[in-house]
K.L.:
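Here's a structure for you.
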Amino acid sequence: PAIITRVDRGSEGDAIEIQEKVEAIIEEFQLNTPDTLSIELSGTRTEAIKNRLNILISNGKIVAIEDEITKHNVFSEVWDAQGLTTTPGFIDQHIHVIGAGGKHGFASMTPQLHLGELIKCGTTSVVGLLGTDGSTRSIKSLFSKIQALNQEGISAYMYTGYYGLDKVYLMNSLQEDMIYIDCVLGCKIAISDIRSSYPSALELLRLLRNVRVGGMLSGKKGILHLHL
């Protein structure tokens, strides 16, 4: 035999409170019932919100995540996020923060991104890079934009280089970029696109060697980002 108890959400959004009361009653009730009788909760509808937490933010940073943070008069604002989902910020590891395009002429060039556009879609970390255009799009402009995004409060990094094999670096070499510039994680190159430089296996191996050694010397992972 079984008893099935259904717990629905109340008009005041109190499903969790109701379920906790029902669970306490069931636990007490089962102390005086035969072992052959089981009591189960059905359709509680609290599965997604049972473990909801309070999040305390100070100066733009998460400083505490607790089951309950008692409201205090020092809080300047309280947001009711009931029914919403909180996730860590998304990471976009291939994004043209200073714009891209241009393969159909100047009018096809896209504009640079702004911080609000990233935050609106939940992105808090980016890795910027150049695309086809390593002439009108400058590696120095990319670096400047990455620095600006870091100053605005998100985590921003970049790849040096672009589609081609010719050296589009901030310093004298890829290796120096990785060693001396913190935000440079590695290098980008295209290998099978019609706009690429059609690098040979040996040329790619040499590029990979520079990325690896640059990463070793700078304490970074070192990434060779390939456009296929």
Side-chain angles (χ1 to χ4, degrees), residues 60-62 87-103 109-228:
K61 304 287 186 180
I62 294 176
T87 71
F90 297 128
I91 301 172
D92 193 328
Q93 57 184 332
H94 181 125
I95 185 167
H96 299 288
V97 292
I98 61 171
K103 67 179 181 180
M109 296 171 69
T110 61
Q112 69 170 305
L113 291 173
H114 297 286
L115 177 66
E117 296 174 276
L118 297 170
I119 298 301
K120 189 175 181 179
C121 62
T123 301
T124 57
S125 298
V126 298
V127 183
L129 68 174
L130 294 178
T132 309
D133 187 359
S135 299
T136 64
R137 304 288 187 180
S138 163
I139 196 72
K140 292 181 180 180
S141 294
L142 174 60
F143 172 75
S144 299
K145 180 64 176 179
I146 293 300
Q147 293 296 86
L149 290 171
N150 278 309
Q151 289 178 3
E152 288 177 309
I154 69 170
S155 300
Y157 306 90
M158 64 177 282
Y159 297 125
T160 193
Y162 79 122
Y163 264 49
L165 261 176
D166 42 316
K167 300 176 181 179
V168 180
Y169 303 140
L170 288 162
M171 303 189 71
N172 294 321
S173 68
L174 161 60
Q175 199 166 299
E176 286 190 0
D177 279 7
M178 293 191 63
I179 295 171
Y180 296 113
I181 304 174
D182 289 341
C183 65
V184 175
L185 302 181
C187 178
K188 173 190 176 173
I189 189 171
I191 63 173
S192 62
D193 192 288
I194 192 172
R195 297 162 291 174
S196 77
S197 294
Y198 300 98
S200 67
L202 182 57
E203 287 170 327
L204 281 175
L205 193 59
R206 286 172 175 162
L207 196 60
L208 181 59
R209 176 266 174 199
N210 287 332
V211 169
R212 183 179 183 187
V213 174
M216 290 169 60
L217 295 177
S218 61
K220 301 172 184 174
K221 185 176 182 179
I223 300 171
L224 180 59
H225 189 77
L226 301 177
H227 180 101
L228 301 176

K.L.:
Do any pairs count as a ring pair (Phe, Tyr, Trp, His ring centres under 6.0 Å) and have a residue in residues 186-205, sequence neighbours left out, and if so which ones?
P.N.:
none

K.L.:
Quick one: OG on Ser173 to CG on Asn210, what's the gap to the nearest 0.5 Å?
P.N.:
7.0 Å

K.L.:
Please list all pairs meeting side-chain hydrogen bond (donor to acceptor under 3.5 Å, both in side chains) that have one or both residues in residues 211-221, counting only residues at least two apart or in different chains.
P.N.:
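Sorted pair list comes back empty.
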
K.L.:
Between SG of Cys187 and CG of Leu226, what distance do you get to the nearest 0.5 Å?
P.N.:
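Reported value, rounded in 0.5 Å steps: 9.0 Å.
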
K.L.:
Which pairs, with at least one residue in residues 199-228 and sequence neighbours excluded, count as a ring pair (Phe, Tyr, Trp, His ring centres under 6.0 Å)?
P.N.:
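For residues 199-228, and leaving out neighbouring residues, the ring pair (Phe, Tyr, Trp, His ring centres under 6.0 Å) pairs sorted by first residue read His94-His225, Tyr159-His225, Tyr163-His227.
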
K.L.:
Which atoms form the tightest heavy-atom contact between Ala190 and Ser196, and what is the distance?
P.N.:
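Looking at all heavy atoms of both residues, the shortest contact is O-CB, 3.3 Å.
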
K.L.:
I'd like to know if the side chain of Gln147 and the backbone of Ser144 have a donor-acceptor N/O pair within less than 3.5 Å.
P.N.:
no

K.L.:
Where do Leu142 and Leu130 come nearest, in terms of heavy atoms and distance?
P.N.:
CD2-N, 4.0 Å

K.L.:
Between OG1 of Thr132 and CD1 of Ile194, what distance do you get to the nearest 0.5 Å?
P.N.:
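Reported to 0.5 Å precision, the distance equals 11.0 Å.
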
K.L.:
Output all residues satisfying side chain to side chain donor-acceptor pair (under 3.5 Å) with Glu203, sequence neighbours left out; order by chain, then residue number.
P.N.:
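Scan of Glu203 (side chain to side chain donor-acceptor pair (under 3.5 Å), adjacent residues dropped) gives Ser200.
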
K.L.:
Testing the basics here: between Ser197 and Leu165, what is the closest heavy-atom pair and its distance to 0.1 Å?
P.N.:
OG-N, 3.0 Å

K.L.:
Any ring pair (Phe, Tyr, Trp, His ring centres under 6.0 Å) involving residues 117-142? Give me the pairs, sequence neighbours left out, ordered by first then second residue.
P.N.:
none

K.L.:
Taking side-chain contact (heavy atoms from CB on, under 4.5 Å) as the test, write out the residues that go with Ile179, two or more places apart.
P.N.:
Gln175, Leu217

K.L.:
How far apart are the closest heavy atoms of Ile191 and Pro199, and which atoms are they?
P.N.:
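Reported closest heavy-atom pair: CG2-CG, 4.0 Å.
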
K.L.:
Going by side-chain contact (heavy atoms from CB on, under 4.5 Å), name the residues that satisfy it together with Ser192, two or more places apart in sequence or in a different chain.
P.N.:
Leu228

K.L.:
Out of curiosity, Leu185 CG to Asp177 CG, how far, rounded to the nearest 0.5 Å?
P.N.:
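Between atom CG of Leu185 and atom CG of Asp177 there are 11.5 Å.
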
K.L.:
What pair of heavy atoms forms the shortest contact from Val97 to Gly128, and how long is it?
P.N.:
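So the minimum-distance heavy-atom pair works out to CG2-CA, 4.4 Å.
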
K.L.:
Can you name the closest pair of heavy atoms from Leu174 and Thr160 and give their distance?
P.N.:
CD1-CG2, 3.3 Å

K.L.:
Check whether any side-chain N or O of Arg137 sits under 3.5 Å from a backbone N or O of Gly131 as a donor-acceptor pair, and report yes or no.
P.N.:
no

K.L.:
Taking only residues two or more places apart in sequence, or in another chain, which ones meet Asp193 in a salt bridge (Lys or Arg N to Asp or Glu O under 4.0 Å)?
P.N.:
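Asp193 satisfies salt bridge (Lys or Arg N to Asp or Glu O under 4.0 Å) with Arg195 once adjacent residues are dropped.
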
K.L.:
Could I get the full list of side-chain contact (heavy atoms from CB on, under 4.5 Å) partners for Lys120, not counting sequence neighbours?
P.N.:
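With neighbours one apart ignored, the set is empty.
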
K.L.:
Which residues pass the side-chain contact (heavy atoms from CB on, under 4.5 Å) test with Ile154, sequence neighbours left out?
P.N.:
Leu115, Leu118, Ile119, Val126, Leu149

K.L.:
Suppose we screen for side chain to side chain donor-acceptor pair (under 3.5 Å). Which residues come up paired with Gln112, at least two apart in sequence or across chains?
P.N.:
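With neighbours one apart ignored, the set is Lys145.
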
K.L.:
Could you give all pairs that pass the side-chain hydrogen bond (donor to acceptor under 3.5 Å, both in side chains) test and reach residues 179-190, with sequence neighbours left out?
P.N.:
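Qualifying pairs: none.
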
